[in-house]
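The structure under discussion appears below in the form of structure tokens.
Owing to the predicted nature of the structure, the values given are computational and were not obtained by experimental measurement. Ligands are counted one by one from 1 in listed order, and the atoms in each one are counted from 1 as well.
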Amino acid sequence: MTGMADTTAGAVLEVDLGAIVANWRALGARHPSGPVAGVVKADAYGLGAAAVAPALADAGCRHFFVALPDEALALRPILPAEAMLAVLGGLFPGTEAAFLAHDITPVLNTLAEIDSWAAAARRAGRALDAILHVDTGMSRLGLDPPALAALRADPGRLAGIAVRYVMTHLVSSEIPGDPINAAQARRFAAACAGLPPAPRSLANSSGIFLGGAAASDLARPGAALYGVNPLPGQASPMRAVVRLRARVLAVRAIAPGDTVGYNATFTATRPSRIATVAIGYADGWRRALSNRFSARFDAAPVPLVGRVSMDLTTFDATEHPGIVPGAWLDLIGPGCDVDDVAAAAGTNGYEVLTALGARVRRVYRPA
Ligand SMILES: *Cc1c(COP(=O)(O)O)cnc(C)c1O
């Protein structure tokens, strides 16, 4: 966990693979209607798919989702051959041979993609796995009502396609009372009734906690695996997964009236000690946190003062004589979890994690 990371890195993201596996198992217990996939797009939400996906596979996970063909090509060699690896972004034109050669499952979002995959199956002389995505309210990807009507009228268009799952994606699953959840479940059931029978995939992280209406043959959580709270406003049912620490580069004494950082947005009102820490917005440590967040040192709050700049962030260390050059502040961890950082930055935990940049050293606690 330490070593060179503590010597040469400015910020370190410690990822607890055992906690990810524990979260995956806990989600499985909440979704008895079918298995739970691992959504590992965007480098496993910034945590590092090359470490996260094999840890989930070792625990028994056999369904993985990424967003892009490039992500799938990188992961396929390190996943078990029998694991399904599906690309949510669809079958990009011209990628049929790559999907086939690397046993990557396309999520078919349009009639054109269905036609291309059926043609690839004819050329290959065998049925090819795919997932059909139905749009039930997101208006982003997935078969729309005219496309579904065309398939109902001409089911032969799916000839050669082995539909592993029909899926849809929930719009507001983190808001259990939103009537759109039930409306989507109804639209999904109606769409499936017009398609050849196939297993269904519905819930994302928060959807799993909706229970019955969102239960399906395959859940697709991402965020909750990584410790983002799937039940905003309630105590999180998930284990914390990450700890983000950053190194104190310098500590200086300033006088009342002195200002800190770009545009002088913080003015000391007392003799103060300012700690300058090696993380900034270039690392995905968001500028919106300026003057709005407290890190932790020995579990005690340390206010962020002044503007977050590209490589540096400043904290008021006046109350903490232990904060000296070479010390480390906790930016995400107990007392300031990923959802707290998100709230202070005016965003969600997904964006906080996926924003963390390549300069932040990832270190892994084994599962
Ligand atoms: C990202 C994504 C998921 C995972 O969502 P979480 O809210 O992170 O659990 C599931 N399904 C689709 C289609 C997605 O794009």
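Close contacts of ligand 1 with Gly222, meaning ligand atoms under 4.0 Å from a residue heavy atom, involve 4 (C), 6 (P), 8 (O), 9 (O). Each of the following atoms of ligand 1 lies closer than 4.0 Å to a heavy atom of Tyr45: 1 (C), 4 (C), 5 (O), 6 (P), 8 (O). Atoms of ligand 1 lying under 4.0 Å from at least one heavy atom of Pro221, given by number and element, are 9 (O). Interface of Ala223 with ligand 1, defined as ligand atoms under 4.0 Å from a residue heavy atom, comprises 6 (P), 8 (O), 9 (O). Near Met167, with a cut-off below 4.0 Å to any heavy atom, the atoms of ligand 1 are 13 (C).
Among Val260, Val308, Val305, Leu304, the single residue meeting the side-chain contact (heavy atoms from CB on, under 4.5 Å) criterion with Asn291 is Val305.
A salt bridge links Glu319 with Arg270: at least one charged nitrogen is closer than 4.0 Å to a carboxylate oxygen. Checked for salt-bridge contact, Arg245 and Glu14 meet the test: a charged N lies under 4.0 Å from a carboxylate O. A salt bridge links Glu351 with Arg286: the distance from a Lys NZ or Arg NE/NH1/NH2 to an Asp or Glu carboxylate oxygen falls below 4.0 Å.
Between atom 15 (O) of ligand 1 and the options Glu174, His169, Arg220, Lys41, the minimum heavy-atom separation is to Lys41. One option in Ser205, Ala67, Ala203, Gly38 has a heavy atom closer to atom 9 (O) of ligand 1 than any other, and that option is Ser205.
Take Asp311 and apply the salt bridge (Lys or Arg N to Asp or Glu O under 4.0 Å) test, not counting sequence neighbours, and it matches Arg359.
Contacts between Leu88 and ligand 1, counted as non-hydrogen atom pairs separated by less than 4.0 Å, involve the side chain only.
Using modelled atom types, one finds no donor on one side chain facing an acceptor on the other under 3.5 Å when comparing Thr265 with Asn263.
Ranking the protein heavy atoms by distance from atom 7 (O) of ligand 1 puts Tyr350 OH, 2.5 Å first.
Aromatic ring pairs are classed by plane angle as parallel below 30°, tilted from 30° to 60° and perpendicular above 60°; the pair Tyr45 and Tyr226 is tilted.
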